[in-house]
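Okay, so here's the structure we're looking at.
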Amino acid sequence: MSEQRYTNPPARFERPSAGSLLTLVAFVAFLAWSISAAGISVPELLTGLPNMAKIASEMVPPATDRIVPMMHSVLVTFQMALVGTLIGILVSLPLAVLMSRNHTPHATARSVIRSLVSFIRTTPDLAWALFFVASVGLGPFAGTLTLVMDTIGFCARFFAESIEEVDDGPPEALAAIGASRLSVIVCATLPMAMPSLVNTGLFALEKAVRSSVVLGLVGAGGIGAELATSMELFRFDQAATIILTIFLLVLGVEKVSSRARMSLLKKRQ
């Protein structure tokens with residue numbers, strides 16, 4: 001075979017258009033402005049390194065004098081995450097059905113519910129936590145309500161997308177033989193979307209465990225309250241123990257969740 005020769009090889013990079021170049025310059029300028037607004041300072045970082053080293057040295061060895069109350073707080077944190085996620089999933093399912101294009105009763109209802117879910121999702125967890133703490137008082141109940149809202153904002157959207165991606169064949173076949181809309185959803189749509197729904201629910205549980213730790217910092221119960229108290233009292237050795245227990249809790253939930261997802265994938269295959 002004769003070698004094919006190119007007299008005019010293609011350019012390695014295409015010349016950017018004027019609009020693309022202007023957009024790039026604007027992005028670089030905005031990035032530089034953002035770095036300045038973020039207050040990033042290398043001298044301040046270097047000045048703070050000795051303080052970081054001092055705090056880290058005071059964390060070793062981790063304290064074990066309050067290990068029993070800490071373990072109880074870790075258990076409460078997981079219980080908050082579990083209950084909040086479960087309730088949020090149960091509320092998200094009907095909302096997802098109403099949000100989906102293929103099962104919504106009306107386009108207006110779909111738009112209203114999607115807007116509501118978007119509002120729930122974009123409101124920060126700490127804002128929900130402060131709202132519920134002011135409403136029902138300090139403690140795990142406020143944290144659980146916050147995790148319910150967080151799970152709804154996360155799951156309802158992805159549940160709706162999973163329902164929309166279901167093959168139309170089986171639902172249409174059931175509808176053709178006279179099945180009601182509810183029967184079509186329960187007997188065809190949800191079973192076909194179930195693997196994706198379970199996967200999303202497991203991710204929501206992992207997310208709730210991590211979020212529940214932060215919620216304790218504002219009085220919503222759990223191990224976060226212990227962490228805040230230890231830091232305020234400069235008991236960095238206790239804080240180290242709490243951080244390790246949080247790490248083990250999150251790692252354990254992620255391991256169990258990963259095994260459940262792998263088992264689910266094998267069943268689908």
Side-chain angles (χ1 to χ4, degrees), residues 62-96 117 120-121 123-159 194 197-232 235 238-264:
T64 58
D65 52 328
R66 299 193 68 253
I67 192 66
V68 174
M70 290 177 186
M71 292 297 102
H72 179 264
S73 296
V74 169
L75 177 61
V76 171
T77 297
F78 178 72
Q79 290 171 331
M80 287 168 48
L82 182 62
V83 174
T85 302
L86 181 59
I87 296 176
I89 288 174
L90 294 177
V91 177
S92 297
L93 276 174
L95 292 177
V117 172
I120 294 173
R121 184 172 62 252
T123 303
D125 293 346
L126 290 179
W128 284 118
L130 293 172
F131 173 76
F132 287 121
V133 165
S135 301
V136 302
L138 300 171
F141 184 41
T144 302
L145 292 175
T146 303
L147 293 174
V148 169
M149 301 303 290
D150 182 55
T151 302
I152 292 173
F154 179 77
C155 286
R157 173 190 173 186
F158 290 104
F159 283 0
M194 190 58 65
L197 300 182
V198 172
N199 196 30
T200 301
L202 292 173
F203 276 119
L205 178 59
E206 294 180 18
K207 184 173 181 293
V209 170
R210 291 189 292 268
S211 299
S212 61
V213 175
V214 180
L215 299 181
L217 298 176
V218 294
I223 192 63
E226 292 277 350
L227 180 60
T229 302
S230 298
M231 297 298 289
E232 290 172 358
R235 288 295 309 273
Q238 288 185 359
T241 304
I242 294 172
I243 293 171
L244 288 174
T245 57
I246 293 171
F247 168 72
L248 293 176
L249 174 62
V250 173
L251 182 63
V253 172
E254 289 181 351
K255 290 292 185 182
V256 173
S257 180
S258 298
R259 287 183 178 273
R261 281 195 293 270
M262 291 299 297
S263 176
L264 184 64

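What you see is a predicted model, and the numbers here were worked out from it, not measured in a lab. The figures that follow rest on heavy atoms only: side chains count, while hydrogens, waters and symmetry mates do not.
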Legend entry - Any side-chain heavy-atom pair of Phe131 and Leu145 under 4.5 Å: no
Inset, instruction - Compare every heavy atom of Ile152 with every heavy atom of Gly88, then report the nearest pair and how far apart it is. - result: O-CG1, 3.8 Å
Quick one: side chains of residues 65-73, donor-acceptor pairs under 3.5 Å with protein atoms, not counting sequence neighbours, listed by atom name and distance.
residue, atom, partner, partner atom, Å
Asp65, OD2, Gln238, NE2, 3.3
Arg66, NH1, Glu226, OE1, 2.6
Ser73, OG, Pro69, O, 3.1

Legend entry - Side chains of Thr77 and Ile246 in contact at under 4.5 Å (non-hydrogen atoms): no
Inset, instruction - Could you tell me which non-hydrogen atom of Cys155 sits nearest to which non-hydrogen atom of Ile89, and how far apart they are? - result: SG-CG1, 4.1 Å
Inset, instruction - Using side chain to side chain contact (heavy atoms under 4.5 Å, CB included) as the criterion, point out the one residue from Ile242, Ile223, Val213, Leu248 that pairs with Val74. - result: Ile223
Inset, instruction - Quick one: do Leu227 and Ile243 satisfy side-chain contact (heavy atoms from CB on, under 4.5 Å)? Show the steps, please. - result: CA-CA 8 Å; Leu227 180 60; Ile243 293 171; 4.3 Å; yes
Inset, instruction - Could you grab the distance from atom CH2 of Trp128 to atom CG of Leu215, nearest 0.5 Å is fine? - result: 13.0 Å
Inset, instruction - Taking all non-hydrogen atoms of both residues into account, name the closest pair between Gly201 and Phe159 and its distance. - result: N-CE1, 4.4 Å
Inset, instruction - Write down the atom of Met80, the atom of Gly143, and the distance for their closest heavy-atom approach. - result: CE-CA, 3.7 Å
Legend entry - Thr241 side chain vs Ala63 backbone, donor-acceptor pair below 3.5 Å: yes
Legend entry - Neighbour count >12 (heavy atoms, 6.0 Å) for atom CZ, Arg259: no
Inset, instruction - Report the distance from atom CD of Glu254 to atom CG of Leu249, rounding to the nearest 0.5 Å. - result: 10.0 Å
Inset, instruction - Taking all heavy atoms of Gly153 and all of Ile120, pick out the closest pair and write down the distance. - result: N-CG2, 3.9 Å
Legend entry - Nearest-0.5 Å distance, CG of residue Leu75 to CG of residue Leu82: 10.5 Å
Inset, instruction - Test side-chain contact (heavy atoms from CB on, under 4.5 Å) on Val133 and Thr146 and set out the steps. - result: CA-CA 9 Å; Val133 165; Thr146 303; over 6 Å; no
Inset, instruction - Can you sort out the partners of Phe158 under ring pair (Phe, Tyr, Trp, His ring centres under 6.0 Å), two or more places apart, ordered by chain and number? - result: Phe154
Inset, instruction - Might you point out which heavy atoms bring Pro140 and Val76 nearest each other, and give the distance in Å? - result: CG-CG1, 3.9 Å
Inset, instruction - Find the distance between OG (Ser211) and CD (Glu206) and round it off to the nearest 0.5 Å. - result: 11.5 Å
Inset, instruction - Find the distance between OG (Ser92) and CD1 (Ile87) and round it off to the nearest 0.5 Å. - result: 11.5 Å
